[in-house]
Amino acid sequence: MNGWAQIAAPQFNLRLTLESGQVFHWWPEEGGGYRGLIGAIPVRVRQVCDRLCVTPGTEALVAYYFALDHDLEAICSTFPKNDPALTLAATYCRGIRMIRQPLWECLATFLTSSMKQVAHIRQMSHAIRHQFGNPIEGWEPLAVYPEPERLAQATEEQLRACGLGYRARHLLGTAQAVAQGVVDLEAVRAMDDEAALAELCRLPGVGPKIANCVLLFAYERTRAFPIDVWIERVLRETYFKRKRNTTVRQLKEFAAGYFGPYGGYAQQYLFHHARSQGRSRNLRAED
DNA sequence: CTCCAGGTTCCGG
DNA sequence: CCGGAACATGGA
């Protein structure tokens with residue numbers, strides 16, 4: 001165990017957490033571990049039962065990043081009772097935690113996520129990091145996500161070259177707005193959920209779905225409930241089976257009232273479970 | 001080749 | 001407020 005430090009990580013699943021669509025810049029290593037970045041700090045991490053082996057000196061950083069202080073047992077106990085679909089998803093996703101991501105990198109990454117598969121988001125994120133951010137020497141292929149000031153100086157064409165498509169205009173506009181202080185991401189921390197959502201939605205290309213992702217994955221707003229195509233399907237098929245003409249507005253209101261103070265956790269579990277099931281179903285259909 | 005992907009914006013009822 | 005359409009790109 002030379003070169004590793006250990007920390008306790010009960011009720012945690014590293015692989016599921018990293019592959020549940022929250023972050024897109026962690027790379028599998030031989031032996032089941034990962035290397036990635038927490039902000040600008042390169043980290044290696046692998047799980048052995050209820051412990052994490054991490055790069056020495058990053059213990060506290062890793063514990064904070066993966067929210068190991070969240071009491072998952074208590075969180076799941078706040079979920080609605082007698083909900084087989086949610087119970088199944090929560091069981092399947094046991095150990096997934098909401099990562100505490102750096103604000104800008106989370107916002108910028110999810111800004112590029114619209115109408116893109118997870119694999120594409122990873123590609124675009126990787127391209128942006130390598131085109132505009134600093135690579136970490138000896139930690140190939142890691143590169144730090146570029147600051148808004150850096151992207152604000154890019155051209156829309158350069159961003160399109162990273163595979164962004166129409167999202168290039170949005171990312172550029174948002175980078176400029178943040179760099180100029182039109183929207184102060186740190187100041188959003190002090191706002192209540194509703195005001196924070198509205199503030200983030202002022203940025204070009206940021207609507208309610210992306211804003212809620214950022215609130216959940218970066219601002220630690222565990223009530224935030226992003227509704228994407230997957231979750232919309234789950235909600236309709238699970239809770240509005242016979243009601244053909246339910247509006248998105250009604251789905252939002254239902255989710256806000258139904259899932260409770262840790263609705264974001266419920267959302268992530270329903271999302272990851274549905275996506276996993278969909279995949280295996282597609283795989284089965286192909287043979 | 002067709003379909004669709006962790007949406008947002010703009011437009012006409 | 002609501003439903004549709006446009007918006008780019010790439011993997012299945």
Side-chain angles (χ1 to χ4, degrees), chain A residues 16-26 89 93 96 98-99 101 105-128 131 155-175 177 183 197-218 221 224-236 240 243-255 263-287:
Chain A
L16 285 181
T17 298
L18 287 180
E19 295 178 1
S20 65
Q22 300 183 59
V23 287
F24 308 93
H25 64 290
W26 287 81
C93 296
I96 293 182
M98 297 304 109
I99 300 174
Q101 300 184 39
E105 129 185 355
C106 180
L107 169 63
T109 302
F110 274 94
L111 180 45
T112 66
S113 72
S114 79
M115 298 301 295
K116 278 294 182 187
Q117 295 178 351
V118 169
H120 297 154
I121 302 171
R122 182 173 288 111
Q123 280 181 15
M124 292 184 291
S125 163
H126 181 63
I128 291 170
Q131 194 65 36
T155 65
E156 187 177 325
E157 203 168 76
Q158 287 177 312
L159 292 176
R160 278 179 185 267
C162 295
L164 292 190
Y166 66 87
R167 302 159 196 80
R169 187 166 50 86
H170 293 155
L171 181 57
L172 182 57
T174 286
V183 169
L197 183 71
E199 184 66 9
L200 292 176
C201 286
R202 292 176 56 214
L203 295 163
V206 179
K209 190 277 173 180
I210 290 171
N212 272 312
C213 280
V214 179
L215 287 180
L216 178 60
F217 300 140
R221 307 301 173 99
F225 197 97
I227 297 182
D228 69 328
V229 290
W230 289 93
I231 287 298
E232 183 172 344
R233 274 200 288 267
V234 170
L235 293 181
R236 288 186 190 283
F240 296 87
K243 306 191 175 185
R244 199 65 186 82
N245 49 3
T246 310
T247 66
V248 178
R249 188 67 194 150
Q250 291 172 301
L251 293 178
K252 282 185 174 181
E253 288 173 3
F254 166 76
Y265 265 91
Q267 186 274 356
Q268 189 65 9
Y269 293 166
L270 290 170
F271 168 79
H272 185 67
H273 178 63
R275 216 167 65 88
S276 303
Q277 294 303 304
R279 275 185 168 180
S280 59
R281 199 189 322 162
N282 291 337
L283 290 177
R284 278 199 302 275
E286 280 173 14
D287 54 28

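Please read these numbers as outputs of a predicted model, since none were measured by experiment. Side chains included, hydrogens not; waters and symmetry mates left out as well; all remaining heavy atoms used. In what follows, every chain begins at residue 1, and chains take the letters A, B, ... in the order their sequences are listed.
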Name the nucleic acid region contacted by [X], choosing base, sugar-phosphate or nothing; use a 4.0 angstrom heavy-atom cut-off, strictly under.
X      : value
A:G205 : sugar-phosphate
A:Q250 : nothing
A:S20  : base
A:F24  : nothing

Whole angstrom value for the distance that separates [atom2] of [N] from [atom1] of [X]:
X      : N     : atom1 : atom2 : value
A:R202 : B:dT8 : CZ    : P     : 17 Å
A:I231 : B:dA5 : CD1   : C1'   : 15 Å
A:W230 : B:dG7 : CH2   : P     : 11 Å
A:K252 : B:dG7 : NZ    : P     : 13 Å
A:L171 : B:dT9 : CG    : P     : 14 Å
A:L111 : B:dT8 : CG    : P     : 9 Å
A:L107 : B:dG7 : CG    : P     : 15 Å
A:D228 : B:dA5 : CG    : C1'   : 10 Å

message: B:dA5, OP1 or OP2 - any side-chain N/O from A:R233 closer than 4.0 Å?
response: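 Checking A:R233 against B:dA5: at least one side-chain N or O falls below 4.0 Å of OP1 or OP2.
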message: Both A:H170 and A:F217 contact DNA chain B. Taking the nearest nucleotide for each, which residue is further toward the 5' end?
response: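 Comparing both residues, the 5'-ward one is A:F217.
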- request: Name the residue closer to the 5' end of DNA chain B, choosing between A:F271 and A:P204 according to the nucleotide with the nearest heavy atom.
  value: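 Looking at DNA chain B, the more 5' nearest nucleotide goes with A:F271.
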Report the residues that fulfil side chain to side chain donor-acceptor pair (under 3.5 Å) with [X], sequence neighbours left out, ordered by chain and then residue number.
X      : answer
A:Y269 : none
A:E253 : none
A:T17  : none
A:Q123 : none

- prompt: With rounding to whole Å, what would you report as the distance between C:dA8 and B:dC11 at their P atoms?
  reply: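 Per the computed distance, 15 Å lies between those P atoms.
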task: For B:dT8 versus C:dG11, give the span between their P atoms, rounded off to a whole number of Å.
output: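 Looking at atom P only, B:dT8 and C:dG11 are 24 Å apart.
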task: Tell me, please, which residues at least two apart from A:H273 pass ring-ring contact (aromatic ring centres under 6.0 Å, His included).
output: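 Residues passing ring-ring contact (aromatic ring centres under 6.0 Å, His included) with A:H273: A:Y92.
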query: In terms of side-chain geometry, is the basic nitrogen of A:E199 or A:R202 positioned less than 4.0 Å from the acidic oxygen of its partner?
result: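 Result for this pair is yes, salt bridge flagged.
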field: Strand-adjacent residues in residues 208-216 of chain A, judged by heavy atoms under 4.0 Å from DNA chain B
entry: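 Residues of residues 208-216 of chain A that come under 4.0 Å of DNA chain B are, in numerical order, A:P208, A:K209, A:I210.
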query: Taking all atoms of both residues into account, what is the closest heavy-atom pair of A:L111 and A:G205, and its distance?
result: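 Looking at all heavy atoms of both residues, the shortest contact is CD1-O, 3.1 Å.
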field: Partner set under side-chain contact (heavy atoms from CB on, under 4.5 Å) for A:T246, not counting sequence neighbours
entry: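 Result, side-chain contact (heavy atoms from CB on, under 4.5 Å) vs A:T246: A:R236, A:F240, A:K243, A:Q250, A:L251.
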- prompt: With sequence neighbours left out, what residues match A:A266 under side-chain contact (heavy atoms from CB on, under 4.5 Å)?
  reply: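 Expected list: A:F79, A:L86, A:F259.
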- prompt: A:Q22 and A:S20: side-chain donor and acceptor closer than 3.5 Å?
  reply: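 Present: a donor and an acceptor within the cut-off.
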statement: Expected string for nucleotides 5-11 of chain C under the B/S/- scheme (protein heavy atoms, under 4.0 Å, primed atoms plus P, OP1, OP2 as sugar-phosphate) is --BBBBS
